[in-house]
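A quick write-up on the structure given underneath.
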Amino acid sequence: MNNTTNSSRRNFISNTTKAAVALGLAQTILPSIISAHTVKNDGVTDNFDSFSQKPLSYKFDSLELAIDKQTMEIHYTKHAATYCKNLNEAYISEVGTRHKTLYDILNKISKYTPKMRNNAGGHFNHEMFWQCLTPNTDVKPSDNLLRKINEDFGSLDNFKTQFTDAAKSRFGSGWAWLIKDKSGKLVIGSTPNQDNPLMNVSELKGTPLLCLDVWEHAYYLRYQNKRADYISNFWKVINWDFVNGNFEK
Ligand code: MN3
């Protein structure tokens with residue numbers, strides 16, 4: 001699968017867009033992450049193409065307000081790259097040449113192996129996390145999002161406190177999330193390991209709007225045991241434009 005030609009890559013990109021529209025995924029969360037396979041017009045796969053990491057839209061050293069260059073580099077090129085590679089292995093062995101989006105897999109993750117669960121989750125979560133970050137300090141929650149935050153949490157400060165508590169109190173490795181549940185309410189929670197709110201096995205279920213990686217590999221070089229300091233600096237690099245976009249979808 002690594003021998004894909006340039007031509008099939010081009011087709012892949014074009015077909016992926018068509019497939020996302022055909023499958024109605026354009027209306028769901030993060031189509032750029034979840035639809036990563038070549039699909040014919042009838043929705044059936046003609047050839048498997050691997051999931052891949054989207055290039056970062058910023059440099060490894062541009063988030064120094066919160067995350068140091070070395071951590072970003074190792075996190076993206078080693079940890080996240082490994083989830084992606086292992087997801088492709090699991091896909092080949094458990095799905096084969098049939099077409100499944102990452103969303104399809106996460107949604108029915110209980111049918112798959114732990115390898116699929118860890119790596120499908122790991123790939124989705126990291127691809128989303130990179131987009132939750134930005135060196136641009138001008139971004140803000142939109143008026144619509146702020147209104148909803150005030151409605152569901154009382155205030156932006158309360159929201160931040162609750163999110164921080166969720167991230168701090170996640171025992172061991174995992175993720176903190178802001179999600180929109182199926183009733184449309186904003187909810188804060190956390191998931192263990194590489195689980196996420198799109199998985200059928202997750203207690204926290206809904207559409208993810210914002211996530212924070214609280215595995216030690218995400219912060220240990222700079223913060224060591226001080227996870228709380230990492231979380232408090234996270235607020236300086238949140239890409240609110242991305243969160244606003246997820247909320248409006
Ligand atoms: Mn990580």
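Both ligands and their constituent atoms are indexed starting at 1 by order of listing.
The minimum distance between the Mn ion (ligand 1) and any N, O or S atom of H217 involves atom NE2. D213 contributes atom OD2 as its closest N/O/S atom to the Mn ion (ligand 1).
Using modelled atom types, one side-chain atom of D152 and one backbone atom of L186 make a donor-acceptor pair closer than 3.5 Å.
Taking the Mn ion (ligand 1) as the corner point, the angle from H126 atom NE2 to H75 atom NE2 is about 90° (rounded to 10 degrees).
N144 meets the side-chain contact (heavy atoms from CB on, under 4.5 Å) test with S142, R147, F247, E248; sequence neighbours excluded.
Here the two rings, on W130 and H75, have centers that are under 6.0 Å apart.
Under the 4.0 Å criterion applied to side-chain N and carboxylate O atoms, E94 and K115 are not assigned as salt-bridge partners.
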